[in-house]
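Take a look at the structure below.
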Amino acid sequence: MSSASIPEGWSYGPWHDGPDPLKAPADLRDALDEIGRDVMNGSSPRSALEELLRRGTRNTQGLDDLSRRLWERRREIERRHNLDGTLRDVQRLLNEALEAERRELFPNPSDDARFKEAELDALPSGTAAAVRELANYQWESSEAREKYQEIRELLGRELLGSRFEGMKEALQQTTPEDVEAINEMLADLNALLAAHAQGRPEVPELFEEFMANHGEFFPENPRTVDELIDVLAQRAAAAQRMMNSMTPEQRAELAELSQQAFGSPQLAQQLAQLDSQLQSLRPGEDWYSSEQMRGDDPLGLAEGAQAMSDLAELDALAEQLAQSYPGARLEDIDLEALTRQLGDEATVDARRLSELERQLRDQGLIERAPDGSLRLSPKALRQLGQTALADVLRTARGSGERDAANAGAAGELSGSTRKWEFGDTQPWDVPRTVRNAVLRSATLDGSVKLDVADVEIAETEHRARAAVALLVDTSWSMVQEGRWLPMKRTALALHQLISTRYRNDALQLITFGRYAGVVELPQLIGMEGTWEQGTNAHHALLLAGRHLRRHPDAQPVVLMVTDGEPTAHLEPDGTAEFSYPPEAATLRKTIFEVDRLAKLGASLTVFRLGDDPRLNAFVDLLARRSGGRVLAPDADGLGAAVVGDYLRTRRKL
């Protein structure tokens, strides 16, 4: 597009104000599947969400990867740099000045030249002491004089650069007027901070006057005296941490050298007063820690203070990415700081994760329970159920079973419709199909074009009902042998199938460990594996019989998933009696409940997990007594086996 075609007042460029409104939405289904898998494995929804954010998605680095890059960046700073850059530069300039002065004095035969040479030879060995001794020396060499003056300017720039970001670069060419302006600014700044510490009412006016006179020294453009103090204290604390990281000898050298900054001891005094006031006003800053800088690349005072600021920023970002403090949210991450430290790609990943977390909450996939904990919402469970059922049916087709997508084909209309899918044989719902086409493609001339996406079919259902009891073993062996997640996915898939395609059927989920209990789907999905001895099939079958008797007009269907023989039964007083190997009473009571179910017309299908010979013999006995059967799928095929058996029963109806 040419610039001439762009309307006046419009501009085009990268989007920086929040999430890109034109980018593809976050893949919530994949994210929800991962969260659901972790929840069904025993994690809480909050832990599962945190794990997803730490792990990331297929297209986005997670918090752990971002944290790893932060620590690599931190180690790189520590291993690459050291903090004696200013001392090295001063030593180099001093040597160059002395060499130039001696070259100038050597050909001079006068006694004055010999006296000056003796004066140079008598200089102290320490750099700072030598620089101090030369403060009043009358240089014969103009080159040496310039080198010595460069030492003073270097020290001034470094000292100011360590306290004021960007000051070193701004003072490359320093004049006496510049030094005077800096001293005046520091005096006014110290006076302003002293007035603020005293709580004087005219501080706002003093601040406005200060910024009007000296605002060019503060590119951060603070709007209040507190913002000014925050900016200065962070930098001053970084400079102090840099000094703490030096050896005592290096600190002493720099303290003495600072008196020669710009040839004005007043500068060092003003900075010392400023540091003292800032430490008093912001004691919460880190003034006392130190770092181990052990690299070969020397940093000056200004660069060293910046390195300390970077390390502190990296530490703060690492804490934000860890999300380990109360009330932590991804919106807490300082994206500008992340960009400075890791670049734009890291910021894009952090934005994506934050958007994913926000959408999971905003779209109602994760909700807060009455007790304050997070849980998967009914909407999320439906989506997980759709995925689980699709996986189960895909597995069933691979094993020779047919995908029963019809909600009772050739039956009576149920009154509900759904989108047509390939292979559907139900009749079209013509009014809704035409309405979809009109809404999608109606034109001004009144023509309507029908597309396959517009087609809706009328669902049908059989009149016969089934009362289904799914009994799932929740003993510790199910967790230990890796059968916990397949068991939950099986229940989820069966629940989804019945609630969407066989709505008249009555499904009850029953868990059994030492005791059995009726649970709702969210309870089962969120259930954590616990160490508990006992497989109380007797109690589970007792509850299944109660469910079947509440639906006398329905075909009874009992499906039991277990990996162990019964080792517990229910006593008349409601307590569970455990014994391994199983007592005769446990086996007798379990078989008695199977016989009672058979009298109700229910055949028991047992899905045996594992190859325990004692279990094999017992479940075969149960199947013979009830007229049922035993299936022995592996863990991955459990869902297909259970759903396939249920559909086989439904087809008989």
Side-chain angles (χ1 to χ4, degrees), residues 74-103 120-135 137 139 141-174 179 235-236 238-265 267-268 271-272 275 290-311:
R74 198 183 201 289
R75 286 194 295 270
E76 178 188 5
I77 293 174
E78 291 178 331
R79 293 174 179 174
R80 175 180 295 182
H81 304 297
N82 63 57
L83 299 174
D84 62 354
T86 298
L87 292 175
R88 289 191 188 188
D89 288 341
V90 171
Q91 182 65 60
R92 175 181 56 80
L93 290 171
L94 177 62
N95 291 338
E96 291 175 358
L98 294 176
E99 289 174 7
E101 181 69 4
R102 286 192 171 98
R103 286 196 305 268
L120 296 180
D121 291 339
L123 286 173
S125 58
T127 302
V131 171
R132 184 188 68 245
E133 288 292 323
L134 292 169
Y137 179 81
W139 299 92
S141 167
S142 59
E143 179 185 355
R145 187 182 307 109
E146 291 173 359
K147 292 292 184 183
Y148 186 79
Q149 182 60 28
E150 192 174 340
I151 289 175
R152 290 179 161 183
E153 292 179 357
L154 170 68
L155 289 169
R157 290 196 303 271
E158 292 289 354
L159 282 174
L160 289 170
S162 67
R163 301 324 196 274
F164 302 91
E165 187 172 355
M167 184 77 81
K168 178 182 176 181
E169 293 75 13
L171 295 175
Q172 290 301 318
Q173 300 295 329
T174 310
V179 176
R235 187 74 174 186
Q240 184 59 52
R241 293 196 299 275
M242 175 188 62
M243 297 295 292
N244 299 342
S245 304
M246 296 179 180
T247 65
E249 294 76 15
Q250 290 173 330
R251 287 197 294 271
E253 286 274 291
L254 285 171
E256 189 170 353
L257 284 171
S258 65
Q259 301 299 316
Q260 302 300 320
F262 291 137
S264 170
L267 177 66
L271 289 176
D275 289 347
S290 60
E291 302 289 346
Q292 294 293 324
M293 308 289 281
R294 52 189 183 276
D296 297 325
D297 181 23
L299 297 178
L301 296 183
E303 291 80 6
Q306 183 58 52
M308 293 297 160
S309 293
D310 287 340
L311 291 176

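Index from 1, following the sequence.
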Any side-chain heavy atom of [X] sitting closer than 4.5 Å to one from [Y]?
X      : Y      : result
Leu83  : Met308 : yes
Asp89  : Arg92  : yes
Lys147 : Trp139 : no
Ser141 : Arg103 : no
Asp121 : Arg102 : yes
Ser142 : Arg145 : yes
Leu134 : Leu94  : yes
Leu155 : Leu267 : no

Answer yes or no: is there a donor N or O on one side and an acceptor on the other, between the side chain of [X] and the main chain of [Y], under 3.5 Å?
X      : Y      : result
Glu158 : Leu301 : yes
Asn82  : Gly295 : yes
Arg241 : Glu291 : no
Thr127 : Gln91  : no

>> With side chain to side chain contact (heavy atoms under 4.5 Å, CB included) as the criterion, how do Leu299 and Gln306 come out once you've worked through the C-alpha distance, each side chain's angles and the decisive distance to 0.1 Å?
In response: CA-CA 10 Å; Leu299 297 178; Gln306 183 58 52; over 6 Å; no
>> Show, in sequence, the C-alpha distance, side-chain angles and deciding distance for Leu93 and Tyr148, and conclude whether the side chain to side chain contact (heavy atoms under 4.5 Å, CB included) test is met.
In response: CA-CA 7 Å; Leu93 290 171; Tyr148 186 79; over 6 Å; no
> Is the number of heavy atoms from other residues, nucleotides or ligands under 6.0 Å of Arg80 CZ greater than 12?
Replying inline: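 Open.
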> Which heavy atom in Leu159 sits nearest to a heavy atom in Ala261, and how many Å separate them?
Replying inline: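 Nearest heavy atoms, Leu159 then Ala261: CD1-CB, 3.6 Å.
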> For the residue pair Ala144 and Ala97, what are the closest heavy atoms and their distance?
Replying inline: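 Smallest heavy-atom distance, with atoms named: CB-O, 3.2 Å.
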> Roughly how far apart are Glu303 CD and Ser309 OG, rounded to 0.5 Å?
Replying inline: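 It is 12.0 Å, given to the nearest 0.5 Å.
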> Atom OG in Ser162, atom CG in Leu271: separation rounded to 0.5 Å?
Replying inline: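 These two atoms lie 7.0 Å from each other.
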>> Go through it in stages, so that I can follow the logic: the residues are Asn95 and Glu99, the test is side chain to side chain donor-acceptor pair (under 3.5 Å), and I'd like the CA-CA distance, side-chain angles, deciding distance and then a yes or no.
In response: CA-CA 6 Å; Asn95 291 338; Glu99 289 174 7; 5.9 Å; no
>> What verdict does the salt bridge (Lys or Arg N to Asp or Glu O under 4.0 Å) test give for Arg74 and Glu78, after you've listed the backbone C-alpha separation in whole Å, the side-chain angles of each residue and the deciding distance to 0.1 Å?
In response: CA-CA 6 Å; Arg74 198 183 201 289; Glu78 291 178 331; 2.6 Å; yes
> For residues Glu101 and Tyr137, is any side-chain donor paired with an opposing acceptor at under 3.5 Å?
Replying inline: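 Their side chains do contain a donor-acceptor pair, which is all the 3.5 Å distance test asks for.
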